[in-house]
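For the numbers below, each heavy atom of this structure counts, side chains included, while hydrogens, waters and symmetry mates do not. If you're wondering where the values come from, they're calculated on a predicted model, not measured in any experiment.
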Protein chains: 2
Amino acid sequence: MSNRKTQESQRAGTPGPKDAKQKRTVRSQERVLTTTIELLYEAGLSLSVDEVSRRSGVAKTTIYRHWPTRAALVLEACRKLTPEPRVPDHGSFVQDVSDLIETLAQLLNTARWSAVLPSIADAAERDAEVAAVFGQIQAGHAAPFCEIVRRAQRRGELAKELDPSIMTAMLIGPVFYRRWFSREPIGKAFIQALIRQVVGAGSFMEQESAKSKQAE
Amino acid sequence: MSNRKTQESQRAGTPGPKDAKQKRTVRSQERVLTTTIELLYEAGLSLSVDEVSRRSGVAKTTIYRHWPTRAALVLEACRKLTPEPRVPDHGSFVQDVSDLIETLAQLLNTARWSAVLPSIADAAERDAEVAAVFGQIQAGHAAPFCEIVRRAQRRGELAKELDPSIMTAMLIGPVFYRRWFSREPIGKAFIQALIRQVVGAGSFMEQESAKSKQAE
DNA sequence: TAGCTACGCTACCGTAGCGTAGCGATTCTC
DNA sequence: GAGAATCGCTACGCTACGGTAGCGTAGCTA
């Protein structure tokens with residue numbers, strides 16, 4: 001948008017990723033984005049550009065030189081919240097799902113990150129652009145679950161009739177619910193019960209869930 | 001707060017619920033609250049008093065005569081969103097849970113109501129007072145589920161070791177997840193799969209879940 | 001119908017926020 | 001070191017919002 005190339009880089013014809021941006025420019029853009037994410041954690045989507053400017057030390061005019069509107073800035077910051085998909089492969093569905101859920105629970109219990117999602121989800125109800133970004137973030141969380149379900153089905157560990165996206169909802173849903181709706185702790189007992197429930201019902205070999213019988 | 005009794009009603013000693021409020025007062029208070037809830041549906045918690053005034057036809061000064069601050073008005077409107085708890089009793093856990101989940105799904109699929117909850121949940125992350133109201137709303141949804149679980153346990157239909165609040169999370173969680181996070185439709189197939197999963201794993205009589213085998 | 005009560009209206013005050021203009025000072029690149 | 005690209009700063013204009021004051025008027029109760 002504001003990426004006007006300098007004559008030099010265009011003449012040299014180097015299509016490198018730096019795009020002839022000055023060091024200073026990169027620095028202030030990074031500072032602004034970092035601060036914006038920080039404020040996202042604290043205030044949600046309703047953060048103000050003035051506050052970003054104050055806290056980052058970057059002049060408001062400079063911010064507007066790089067992002068045309070407040071919305072553009074906020075949306076770019078939100079996009080940075082997308083997790084890089086990590087799909088574990090321990091060879092068994094129970095272990096894969098335990099890995100993913102425990103990681104997710106850890107994240108929800110500690111990261112300041114988790115205070116932002118409701119704000120984005122709320123805005124997504126009314127703003128198509130936010131909804132798109134939110135969908136991307138959401139997919140980043142759901143995709144690994146879908147993947148391990150499909151893999152388990154290929155291995156014959158799970159019934160093929162199960163819809164991976166439904167399974168994903170049953171795995172993630174209760175965890176999210178605990179964090180944002182019932183606001184109860186997400187402890188070991190909860191996680192174990194959840195896994196046993198979902199795995200036990202969909203699995204061909206019920207004995208698998210027996211070894212995790214000692215809850216709490 | 002602004003319920004100053006008139007001399008008449010105090011002298012008469014009639015402790016009736018009308019509290020000597022003038023008809024006009026009741027009318028405008030109702031109009032304001034209705035409009036506020038309406039705006040809650042559209043804009044979430046960030047609605048403005050000016051807009052309430054404009055749309056309701058009630059002067060802003062009048063609004064401030066009845067509610068000391070904007071927050072008080074918004075909170076009272078939120079409190080009206082608490083559902084009255086309805087606990088079905090069909091005699092079997094599967095039927096009770098189907099009843100509750102289908103009602104919930106119906107609500108989430110249609111009611112404008114469902115666009116507000118993320119906004120409240122978001123605010124609850126940062127505001128203790130909103131968190132309290134949100135907890136009340138949330139309890140209104142969860143309590144019936146807890147209750148039918150406990151009843152099923154008493155009847156011997158469900159294992160007594162299961163924590164009702166965990167069961168509730170497993171039932172409501174996936175439904176909420178579908179509505180607000182993955183934003184996928186909440187259809188018959190989903191509901192049936194969910195019920196079969198949760199009931200199947202926690203039940204003593206697995207054959208119960210067999211009759212709902214024809215999904216989609 | 002008399003009198004009190006509540007209401008509507010207009011006009012405010014102060015703050016916060018978005019976004020822009022102009023200009024001098026830095027900092028980068030060559 | 002020269003020139004160009006950016007940056008910071010101050011000062012705006014505009015809108016929206018929360019909340020209040022005063023006054024005239026309409027509606028209610030008795």
Side-chain angles (χ1 to χ4, degrees), chain A residues 1-12 14 16 18-33 35-36 39 42-75 77 127, chain B residues 1-14 16 18-33 35-36 39 42-77 127:
Chain A
M1 198 149 287
S2 58
N3 292 343
R4 218 188 41 198
K5 299 179 181 178
T6 60
Q7 295 181 349
E8 282 67 29
S9 82
Q10 218 150 16
R11 173 171 54 75
T14 51
K18 32 185 140 172
D19 214 31
K21 234 185 272 178
Q22 281 197 317
K23 280 183 191 170
R24 213 178 9 163
T25 304
V26 175
R27 264 210 310 272
S28 39
Q29 283 182 353
E30 274 171 1
R31 280 216 310 244
V32 168
L33 265 183
T35 309
T36 305
L39 275 169
E42 296 176 21
L45 284 195
S46 64
L47 61 88
S48 78
V49 179
D50 280 276
E51 185 60 30
V52 173
S53 169
R54 270 191 292 273
R55 198 181 289 196
S56 67
V58 176
K60 196 163 69 154
T61 43
T62 301
I63 297 178
Y64 277 104
R65 279 180 193 117
H66 296 304
W67 289 272
T69 70
R70 190 196 86 105
L73 172 61
V74 172
L75 281 173
D127 183 314
Chain B
M1 199 151 285
S2 57
N3 290 344
R4 219 187 41 197
K5 297 179 183 179
T6 59
Q7 297 181 348
E8 281 66 29
S9 82
Q10 218 151 14
R11 175 170 50 79
T14 51
K18 30 185 144 171
D19 213 32
K21 235 187 269 178
Q22 280 197 309
K23 278 184 193 170
R24 213 178 11 163
T25 303
V26 176
R27 264 210 311 271
S28 40
Q29 284 183 351
E30 275 171 2
R31 281 215 310 245
V32 168
L33 265 184
T35 309
T36 305
L39 276 170
E42 296 176 24
L45 284 196
S46 64
L47 61 88
S48 77
V49 179
D50 280 280
E51 186 60 31
V52 173
S53 169
R54 269 192 294 273
R55 197 180 291 197
S56 67
V58 176
K60 196 162 71 153
T61 42
T62 301
I63 297 178
Y64 277 103
R65 277 181 193 118
H66 295 303
W67 290 271
T69 70
R70 190 196 86 103
L73 172 61
V74 172
L75 281 173
E76 182 165 345
D127 184 313

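Residue B:T25 places no side-chain N or O under 4.0 Å from the OP1 or OP2 atom of D:dC28. Taking side-chain N and O atoms only, B:T62 has a distance below 4.0 Å to OP1 or OP2 of C:dG8.
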Per-nt protein contacts along nucleotides 17-25 of chain D (heavy atom under 4.0 Å; B base, S backbone sugar-phosphate only, - none) come out as SBBBBB---

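In this structure, A:S56 OG and A:I63 CD1 are separated by 5.0 Å, a value rounded to the nearest 0.5 Å.
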A:E51/A:R54 under salt bridge (Lys or Arg N to Asp or Glu O under 4.0 Å): CA gap, chis, key distance, verdict:
CA-CA 5 Å; A:E51 185 60 30; A:R54 270 191 292 273; 3.0 Å; yes

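If you measure from atom CZ of B:R31 to atom P of D:dG27, you get 12 Å, rounded to the nearest angstrom. Per the geometry, CD belonging to A:Q29 stands 15 Å off C1' belonging to C:dC28, to the nearest Å. Straight-line distance from the CH2 atom of A:W67 to the C1' atom of D:dT6: 14 Å, rounded to whole Å. Taking atom CD1 on B:I63 and atom P on C:dC9, their separation rounds to 12 Å, with Å as the unit. Here the P atom of nucleotide C:dC7 and the CD atom of B:Q22 are 8 Å apart, to the nearest Å.
Side-chain atoms of A:R65 and A:T62 form a donor-acceptor pair, as typed in the model, at a separation below 3.5 Å.
Out of C:dT29, C:dG8, C:dC7, the shortest distance to the side chain of B:H66 is found at C:dC7.
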